[in-house]
> 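Below is a structure I'd like to ask you about.
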Amino acid sequence: MASPNDLQFQEFEEAAELLSADPGASTVSMSASNTPTAAAGGEEVKLDLSEDEDAQEENSELLGGQKPSGGFWTFEYYQSFFNVDTVQVLDRVKGSVMPLPGRNFIKHYLRNNPDLYGPFWICVTLVFSVAISGDLSTFLSEMKNPAYHYRPHFHRVPVAAIVIFLYAWLVPIGLWGFLTWRKGAERQIGGYSFLETVCVYGYSLFIYIPTSVLWLIPFEWLRWALVLVAMVISGSVLVLTFWPVVRDDTKVTAVATVVTIVVLHTLLAVGCKMYFFQTADHLPTPVPTSPANHITLTTKAH
């Protein structure tokens with residue numbers, strides 16, 4: 001019985017005889033890795049048959065960044081909206097406080113991966129910073145008044161939450177709907193997705209968090225100066241982001257859209273300053289309840 005080595009040598013001898021008889025013949029050998037190698041005219045050509053079509057399609061989907069997601073009633077669907085790390089959030093926060101001309105926030109910072117994690121926590125932090133700082137500001141301004149009795153204004157927290165979250169959601173919804181409508185009316189008009197619009201508005205509010213803390217300084221001119229600086233910074237983020245989308249529309253529509261964005265943003269900043277950081281002149285004056293006044297009021301009542 002021939003051993004495997006004898007069979008191998010016999011195979012090589014037969015190949016040598018064929019090559020000596022016909023030098024132009026080609027041989028094909030199968031290696032242990034199942035990779036065919038063809039030799040013709042002294043050149044070797046390797047055929048890669050290790051991957052089938054299904055594997056190639058799977059790799060192309062992974063390289064293309066396609067993420068499988070379930071229905072909107074599943075947890076995985078909403079988990080993709082919070083799929084960001086700390087470095088990405090900090091980078092987007094930095095971009096929201098340092099707007100540069102020609103740098104679109106969505107294209108340079110979101111990179112087709114908008115999130116709701118940063119906007120949600122920015123809005124929550126802003127709610128408490130505005131409400132608490134406003135309460136402390138009132139206390140510090142009236143601390144030397146003997147007739148003033150401190151009472152915590154817990155009602156300011158839900159008021160701040162309603163105002164800030166309505167602004168961070170309703171305004172992007174209206175803007176996204178308007179841009180979508182204009183995109184259908186004018187084919188050259190571009191647009192962003194709803195999630196990208198909400199993300200931009202959420203990150204644009206970050207500058208108001210340190211601003212609300214600085215509003216504790218008891219100088220009214222400084223407070224209004226901080227309001228102006230915060231409005232310019234956050235408004236610039238919105239204008240630089242949405243102007244490239246609406247500038248191809250008609251001139252009246254483009255200007256009106258940008259002006260509306262700026263006006264709504266200004267109303268939010270000025271409204272928070274006027275409501276949560278009232279000066280001593282605008283605060284209601286407490287009526288002293290002395291015994292003489294109490295007797296007079298009682299007599300008039302009878």
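By convention here, the first residue in the shown sequence is residue 1.
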> Determine whether a donor-acceptor pair (N or O, by modelled atom type, separation under 3.5 Å) exists between the side chain of Ser137 and the backbone of Gly134.
no

> Using 30° and 60° as the class limits, which term best fits the ring planes of Phe194 and Trp169: parallel, tilted or perpendicular?
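The rings of Phe194 and Trp169 sit tilted, inter-plane angle from 30° to 60°.
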
> If you group Ile, Leu, Val, Met, Phe, Trp and Tyr by side-chain heavy-atom gaps below 4.5 Å, do Val89 and Val200 land in one group?
yes

> Hydrogens and angles aside, do Thr138 and His153 bring a side-chain donor and acceptor to less than 3.5 Å of each other?
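Note: Thr138 and His153 side chains miss the donor-acceptor criterion.
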
> Before giving the answer on ring-ring contact (aromatic ring centres under 6.0 Å, His included), spell out for His265 and Tyr201 the whole-Å C-alpha distance, their side-chain angles and the decisive distance to 0.1 Å.
CA-CA 10 Å; His265 207 67; Tyr201 266 84; 7.0 Å; no

> In the single-linkage hydrophobic clustering (I, L, V, M, F, W, Y; side-chain heavy atoms under 4.5 Å), do Tyr275 and Leu205 co-cluster?
yes

> Within the supplied structure, the quantity of interest is the number of heavy atoms (other residues, nucleotides, ligands) at a distance under 6.0 Å from Trp224 CH2; does it exceed 12?
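Buried by this count: over 12 neighbours within 6.0 Å.
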
> Look only at the side chain of Arg92 and the backbone of Tyr203, and say whether a donor-acceptor pair between them is shorter than 3.5 Å.
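Not a single qualifying donor-acceptor pair exists.
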
> Charged N to carboxylate O under 4.0 angstrom, Glu196 versus Lys107?
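So Glu196 does not pair with Lys107 through a salt bridge.
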
> I'd like to know if Leu222 and Trp215 are part of one continuous hydrophobic network [Ile/Leu/Val/Met/Phe/Trp/Tyr, side-chain heavy atoms within less than 4.5 Å].
yes

> Could you give me the CA-CA distance, side-chain angles and deciding distance for Tyr192 and Asn104, then say whether side-chain hydrogen bond (donor to acceptor under 3.5 Å, both in side chains) is met?
CA-CA 12 Å; Tyr192 302 125; Asn104 191 310; 2.9 Å; yes

> Can you tell me if Thr257 and Thr260 form a side-chain donor-acceptor pair at under 3.5 Å?
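The answer is no; no qualifying pair exists.
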
> Measure centre to centre between the rings of Phe82 and Phe120, then say whether the value is under 6.0 Å.
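No, they do not, as the ring centres are separated by 6.0 Å or more.
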
> Between the side chains of Ser129 and Ser212, is a donor N or O closer than 3.5 angstrom to an acceptor N or O?
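Yes - a donor-acceptor pair under 3.5 Å links their side chains.
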
